[in-house]
Enquirer: 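Provided herewith is a single structure, encoded as structure tokens, for subsequent inquiry.
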Number of protein chains: 2
Amino acid sequence: MTDSPNDVTPDRLSKADALPPSDQHAQQYVAVRNAHETELLEDYVELIADLLQHQGEARSTDIAARMGVSQATVSKTVARLKALELVSSKPYRSLFLTKKGEAMAAMSHQRHAIVLKFLRALGVSDRTARIDAEGMEHHVSQETLDIMQRFTRERER
Amino acid sequence: MTDSPNDVTPDRLSKADALPPSDQHAQQYVAVRNAHETELLEDYVELIADLLQHQGEARSTDIAARMGVSQATVSKTVARLKALELVSSKPYRSLFLTKKGEAMAAMSHQRHAIVLKFLRALGVSDRTARIDAEGMEHHVSQETLDIMQRFTRERER
DNA sequence: TTAATATTTTAGCCAAGGTTAACTTGTAGG
DNA sequence: CCTACAAGTTAACCTTGGCTAAAATATTAA
């Protein structure tokens, strides 16, 4: 490599947007991979909080049904959540959030709500907004969240 | 369970939005999991297309650097891409897209561009918009994409 | 209180997506 | 032409997040 005379000079070939420098480019993907790591944990914790609030109890059966996953999978993931001290429970009993878990659930819930309301304010149908929000919420930075929130408020007035 | 007299009646306890019915709720998560399956493949294919266009060549070193990942990882993923007939190449040589791969890259690129432009039109800074777009692009439905596109066009006028 | 049913856990399996270390192949320079 | 370095591959390993089947524990109803 390294600057041979017949190097392709991108600017002459491509319409507009060139590639960002490698290291900056890499950071984008790293950010996405990091998000993926906590994504599932956040979903669980958020769902547990919802169940506690709405049904008074968080049982793995319900989690399995709502996540569209087998009970065995829930068991395994809950074990991880307990190891991370996000969830507490006695064997064969229903689940509770630790302080740490509650904090995560609250943040997660708030982000989710902001994205969902934003999509609806944009004019996206309820059904689609719900699906998209679920996927998007873990990939929206604070900066963007602030802007979404402002946008939604303006539309509401 | 099942309607005991002292069942918690959610509506009295919670502020607004109750939980959606289980099966509908599950579909949201299923949709996200499905998106995750193709996500990485799309990113690779999109990046390969970019490299081909901007540098005339797609080499695994560059992919590794830009994805922030080891070369071994690239090798393995490329093997998968080849098995799926998205990419073709001879051992130790650089990579090409099949027709199928090109189609996927084109779609992916377009979605990415729509989301990125939308975020910028919203007022998100370039750096943040790039990161968020990378994460969001795989979770935005066609309906939302259309709305984003319309929004961006209106702002441009 | 005991038997049937429901729920939770455990064990064993699999694929994806990472890693490092060691090996192979390709390419430039002397 | 051959040697050094760069690039690509392979092997062996790890974790995550799914699954099914079987075992353990709770709950309900007779």
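Order of the sequence lines sets the chain letters (A, B, ...), proteins ahead of strands, with each chain counted from 1.
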Enquirer: So does A:Arg93 get a side-chain nitrogen or oxygen closer than 4.0 Å to the phosphate oxygens (OP1/OP2) of D:dT27?
Expert: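 Yes, within the criterion.
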Enquirer: Got a salt bridge between B:Glu156 and B:Lys117, using NZ or NE/NH1/NH2 to carboxylate O under 4.0 Å?
Expert: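 No, no charged N to carboxylate O under 4.0 Å.
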Enquirer: For the residue pair A:Ser108 and A:Glu137, what are the closest heavy atoms and their distance?
Expert: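 Looking at all heavy atoms of both residues, the closest pair is O-OE1, 3.4 Å.
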Enquirer: Is the phosphate of D:dA6 approached by B:Thr61 (side-chain N or O, under 4.0 Å from OP1 or OP2)?
Expert: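 No, outside the criterion.
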Enquirer: If I take atom OH in residue B:Tyr92 and atom C1' in nucleotide C:dT25, what distance separates them, rounded to the nearest angstrom?
Expert: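 For the pair B:Tyr92 OH and C:dT25 C1', the rounded distance is 5 Å.
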Enquirer: Rounded to the nearest Å, what distance is computed from the NZ atom of residue A:Lys90 to the P atom of nucleotide D:dA26?
Expert: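 Those two atoms, NZ and P, are 11 Å apart.
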Enquirer: Charged N to carboxylate O under 4.0 angstrom, B:Arg150 versus B:Asp146?
Expert: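 Looking at B:Arg150 and B:Asp146, the cut-off is not met.
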Enquirer: When you match B:Gly68 and A:Ala72 each to their closest nucleotide on DNA chain C, which lands nearer the 5' end?
Expert: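 Upstream on the strand: A:Ala72.
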Enquirer: When the ring planes of B:His139 and A:His139 are compared, do they come out parallel, tilted or perpendicular, using 30° and 60° as the limits?
Expert: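 Correct class here is parallel.
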Enquirer: Report yes if at least one side-chain N or O of B:Ser70 is closer than 4.0 Å to OP1 or OP2 of C:dT20; otherwise report no.
Expert: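 No.
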Enquirer: When you check the phosphate oxygens OP1 and OP2 of D:dG8, does a side-chain N or O of B:Gln71 lie under 4.0 Å from one of them?
Expert: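 For D:dG8, OP1 or OP2 has a side-chain N or O of B:Gln71 closer than 4.0 Å.
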Enquirer: When the distance from CG of A:Leu95 to P of C:dT7 is rounded to whole Å, what number comes out?
Expert: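 Result: 14 Å.
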Enquirer: Mind checking if B:Ala79 touches a base, just sugar-phosphate, or nothing, with heavy atoms under 4.0 Å?
Expert: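 No contact at all - B:Ala79 keeps every heavy atom at 4.0 Å or more from the nucleic acid.
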Enquirer: What nucleic acid atoms does A:Val74 come within less than 4.0 Å of, heavy atoms only: base, sugar-phosphate, or nothing?
Expert: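 Since no nucleic acid heavy atom lies under 4.0 Å of A:Val74, the category is nothing.
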Enquirer: Among the nucleotides D:dT20, D:dG8, D:dT25, which one has an atom lying closest to any side-chain atom of B:Arg59?
Expert: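 Of all the options, the side chain of B:Arg59 is nearest to D:dG8.
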Enquirer: Is there a side-chain contact between B:Thr73 and the phosphate of C:dG18, meaning an N or O under 4.0 Å from OP1 or OP2?
Expert: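 For C:dG18, OP1/OP2 do not have a side-chain N/O of B:Thr73 under 4.0 Å.
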Enquirer: Look at the side-chain N and O atoms of B:Ser60 and state whether any lies under 4.0 Å from the OP1 or OP2 oxygen of D:dG8.
Expert: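 Checking B:Ser60 against D:dG8: at least one side-chain N or O falls below 4.0 Å of OP1 or OP2.
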Enquirer: Return the value, rounded to whole Å, for the distance between atom CE of A:Met67 and atom P of D:dC19.
Expert: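 Between P of D:dC19 and CE of A:Met67: 10 Å.
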Enquirer: Quick check on DNA chain D: between A:Pro91 and A:Leu41, whose nearest nucleotide comes earlier from the 5' end?
Expert: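 Looking at the nearest nucleotide for each, A:Leu41 comes out on the 5' side.
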Enquirer: Using atom NE2 of A:His36 as one end and atom C1' of D:dT16 as the other, report the distance to the nearest whole Å.
Expert: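 Answer to the nearest Å: 13 Å.
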Enquirer: Could you give the NZ-to-P distance, from B:Lys76 to D:dA12, as a whole number of Å?
Expert: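 Nearest whole value for this atom pair: 13 Å.
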Enquirer: What's the CZ-P distance between A:Arg33 and D:dT15, to the nearest Å?
Expert: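 Spelled out: CZ on A:Arg33 to P on D:dT15 is 18 Å.
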Enquirer: Indicate the atoms forming the closest heavy-atom contact of B:Gly123 with A:Ile147, along with that distance.
Expert: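 So the two residues come closest at O-CD1, 3.5 Å.
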